[in-house]
Amino acid sequence: MKRLCFLLAGLLVLAGVTAGPSLAARAGGTLVSMAPYGGDIGTLDPHKTARTQDALVIKNIHRSIYKWNPAANKPTPDLAEKVDVSKDGLVWTLHFRRNVKFHNGRTMTVDDVIWSLNRIMNPKTAASGARYIRVIKGAKAVEEGKADHISGLKKIDDYTLQITLAEPVDLAYSLYDPNVAILPRDVVEKMGDDFGTNPVGNGPYKFVKWVRGSEVVLQKFPDFYLKDRPYTDKLVIKIMGEGAARDIAFRAKELDMTIVGAAQYPQYQKDPVISKHMVEVAEMYTRLMVFNLDYKPFQNKKVRQAINYAIDSDLIIRKLLKGKAFPCKGFLPPAFKPTAKAYTYDPAKAKALMKEAGYEKGFTFECIGTANKSWGVGVVEAIMPYLKKINITVKIQQMEGAAMAARAKAGDFQALIWSLDSGPDPLVALMRWSSSNPRSSGNYANYHNPAYDKLLTEAARQRDPAKKMALLRQADAMLCDDAPVWFFNYNKAIMAYQPWVHGVQPVAVEMMYQDLMDIWIDDSSPRANEK
Amino acid sequence: MLAYALRRLLQFIPTIFVITLIMFLLLNVLPGDATLMAGGLRKEVDAKVMETMRRQFGLDKPLYQRYLLYVKDLVTGDLGVSFLRREKVNRLVGQRVWPTLKLAIMAMAIAVGVGIPLGFFSALRQGSLLDTASMVGAVSGVSIPQFWLGLLLMYFFSVVLRILPTTGYGGGDLKHLLLPAVTLGVGYMALLARTTRAAVVEVLTADYIRTAHAKGLSELRINRKHVLRNTMVLVLTTAGLQFGALMGQTVIVEKLFSWPGIGSLLVDSIFQRDIPVTQGCILVIIVVFLVVNLAVDLLYAAIDPRIEYK
Amino acid sequence: MSDFFKKLRRRPSLVIGGLLTSLVIGMAVFAPWLAPYDPVDFADLMVSEEPPSAQFWFGTDNYGRDIFSRVIYGSRISLAVGLLSQVINTFIGVILGLTAGYFGKWWDDLVMGVTNIMLTIPALIFALAIMALLGPGLLNVFIALGLTNWSYTCRITRSQVLSSRSLDYVTAARALGYGRARIMLTQILPNITGPILVIATLGVAYAILLEASLSFLGLGAQPPTPSWGAMLATAREQLFTAPWISIFPGLAIFITVMGLNLFGDGLRDILDPHLTRQGK
């Protein structure tokens, strides 16, 4: 425990927090957080949702076998205590904690784990988490309805599970996601569809109520497996999709923490109090404009490179996004220390490349995108003048999410602007652009490069983490040079919190994936003693 | 009168069916489907799971089959199951009706309480300061977008004065209700004030008023007896229509103030292409609207005896 | 003719309203000569979000575009959207309302049925659905908004017809043997222009704002087209940090609506047959 506190304190210092003399964590009070991504929570059944918005609540009610460790930037065991991996990487033995209780008082056993993983693969569940579990031997058979249960799962005893994989992958990345949480079999089977609105989990907080479209209220679960967690007695998550409203609620001190948008960022930086209580991180989302390689002009690598040279991304980030982004160096985010050579602003070179490509006179393309400020058509408006200088005319087509996704997956576009996840597993992130990945699964550019594919195949086989990472960086550099996209930025996620809040961490995988059980509030909070 | 009410009630049924059919068709030809939005915009769902979902939601069936299935359930009062929330639409929608009704009633009360007197007195004192001020006020009320007004009110009352909470439902108490209701009501107040003024001016110049003047009736009595009553027809139509329309126009206010109403559910479900939920919301809004309208029409008879019901 | 001017003088609202409206119309017509910068092509990030100054009268937006120029050019888009859609709305609404109220019977039932259906479907949703069908673009905005908002006018017209049908002058006209169409056009229509004009003028604002919502959903005028509604909607997060980006297009909408209202009011007074008869 001491070690964890130490780690926490270290992180706070790292994050630039002037917390003063290290205070002892205080228990009690109410923490008010928010869910900022769009509309209402959909369901609190972790297997039946894929939305980040839902996961923000789910993470506090349910736990998974692993959890994301922001300090190490990788998943570490959570419900499992110890994990043994066989030499070939195919057999994983998981030793679970013995004191994990569900909110109904029952102790969790391996039976719940096996049942949960089977439920995820069952086609009746239509779980988005299936993609994580599919690596287990026999999982695909269940998904296709050819088997009742996953053959690769073997119960050793009540607290030990042996998992056999179809191919050697790092299972940790598969089992940390909130969508593969372990649920209490008896409760789920009894409640059926009602489970999603009245969940029973094994996490630090118990479900109390959910005012639709407004807020979710949770309460401390006293029998949580970590004796001194969670710190606060109550947790309220306000559903607030509108950035301007969030800003006002934060200033009115109704929110203990808030995610900061580009519009508020400069103001918060200038504010003497708020500026001292902000955490920033380069999130694993890469913002880019995808070129459809089926469109003639984009088939020329020089044209694609020219566009990358022609745009002053730094200036756009500074002025339009108010510095709330990090310039791209290839596709992989900074967490993986990419070595690709970033494109610099060089209009002369861009012009020369266009001439070499035979497009001196330019061409016209249409770019589709959403209304999003940081990765929507707003950005395209800013690059239009730059591209005009190399005689490229951009037409903008703004659309709403579903319509845009439909066109993206059908390849019905010339260019599109989007934010794509580039983590947490760098191999999975880069696999997006491999030839084996169809457009409908995310290779929107329709990028094919055998040399790139080969690097990824080698990386997948490589058991030595350092060598594997080196191969991935090489592939990333190759992708960057080939430029099937315009590399714009990595999101800079910013969390601002009130002075009385302690323990907010920079979480690269998703800033909002704070482990709220680790956050505590001191006496100066207006809700310090609220239960 | 009773026969008229019954006839109108019967008319509800074809109206509802036509609307559900139109909306069903419209919603189904919109580009993109629910599976594309299953992960929101931040996460992608892989193609295989999307296929499974599509089958589960019945999206692989032909359109007419889906509509027949929908109608079959509708007749028994079952609105189906939400695609993405995996919850019964009846319950989902049921929970949201009351907060929206509450919001709409409060907004309407503000609009009627302020708008009608304002329009009435402006008409009596045409060209006066009050008339000009109410005109400017009404035009501002209509031209200010709700999100603007809402944010300004929120900032002023919650950050500067610190007397009202910014957002949330809080059990629906007056404290939480006030700001969203004012935001929603102002535009309607303006419209009501303008309509009332126009109607009163119209009535004031009518022959019977001049006759009343000629008969030597006092100004006050004329105003109360003739003008007010004759204006009521028009104002009631407007108010009634607006109340129904309000139900479908709470969207921005509900989103801004995190209000757990049907408007935000409706817009979420449209963006998510969650067709059963969208249909359910629209159905509820329609029924409320039709009932309010019927009530308004019946009230006409009580106020304006010239209208006959056949 | 001199009689007309005399009447004008007694109606300052008509004059002021007319002036404001012509101002906006003039802005739309003479935009290329009035605007100091190109509304779209002049975009310099180095001067983004500058507050109003001698160089940029209304300041600049996030992209370093001149807001003054954009507001001037925006009058073209917003006026077209507001007026055109309202003309379509009023036309459909008046014709249907008039005939339904006058003829009654099955035609009334049918029209009122359709009107009820239209009224019940939330405007934004109906417009959104139509736009999704037709595809985004300005021309389709006209059509979508023009088909969306007529039911209101229709209801009001009908209720006015119902209550004026038994009024003296209509009965008298009937007694004189006037035909139905003639009665409708010469007796009833002039008597209901007042409320309809008020609704139509306010409807212009409504259409302009609805266009903003549509733009916001990606189904209106496409960026970087300078429509007032879209300018307002996209700058809402900066209401407190860079208020000029949204205040000026907001003011432009306000002035337009104000002008149309005053104009509509004055027009009604002149058109009103009672007033004319009285020589008031």
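Below, read A as the first sequence line, B as the second, and so on, with proteins coming before strands; counting in each chain starts at 1. Both backbone and side-chain heavy atoms feed into the values below; hydrogens, waters and symmetry mates do not.
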(request) Report, by ascending residue number, the residues of residues 254-268 of chain A in heavy-atom contact with chain C at a distance under 4.5 Å; give 'none' if the set is empty. (result) A:Ala263, A:Gln264, A:Gln267
(request) May I ask you to decide if A:Leu320's main-chain N or O and C:Tyr63's side chain share a donor-acceptor pair within less than 3.5 Å? (result) no
(request) Let me know if A:Met404 has heavy atoms under 4.5 Å from chain C in its side chain, its backbone, both or neither. (result) neither
(message) Between A:Pro385, A:Gly378, A:Gly369, who has the most heavy-atom pairs with chain C when the cutoff is under 4.5 Å?
(response) A:Gly378
(message) Need one label for C:Phe42: side chain, backbone, both or neither, based on atoms under 4.5 Å from any heavy atom in chain A.
(response) neither
(request) State the CZ-CG distance between C:Phe240 and A:Asp247, to the nearest 0.5 angstrom. (result) 7.5 Å
(request) With rounding to the nearest 0.5 Å, note down the distance linking CG in C:Leu45 to CG in A:Asp314. (result) 12.0 Å
(message) Does any backbone or side-chain atom of C:Asn62 lie under 4.5 Å from a heavy atom of chain A? Answer side chain, backbone, both or neither.
(response) both
(request) First locate atom CD of A:Gln398, then atom OG1 of C:Thr225, and finally report the distance between them rounded to the nearest 0.5 Å. (result) 10.5 Å
(message) Taking side chain as everything from C-beta outward and backbone as N, CA, C, O, which of these in A:Ile316 sits under 4.5 Å from a heavy atom of chain C? Side chain, backbone, both or neither.
(response) both
(message) What part of A:Lys373 gets within 4.5 angstrom of chain C, counting heavy atoms only: side chain, backbone, both, or neither?
(response) side chain
(request) To the nearest 0.5 angstrom, please state how far the CZ atom of A:Arg318 sits from the OG atom of C:Ser48. (result) 9.5 Å
(message) Regarding C:Glu49 and A:Lys319, does a basic nitrogen lie under 4.0 Å from an acidic carboxylate oxygen?
(response) no
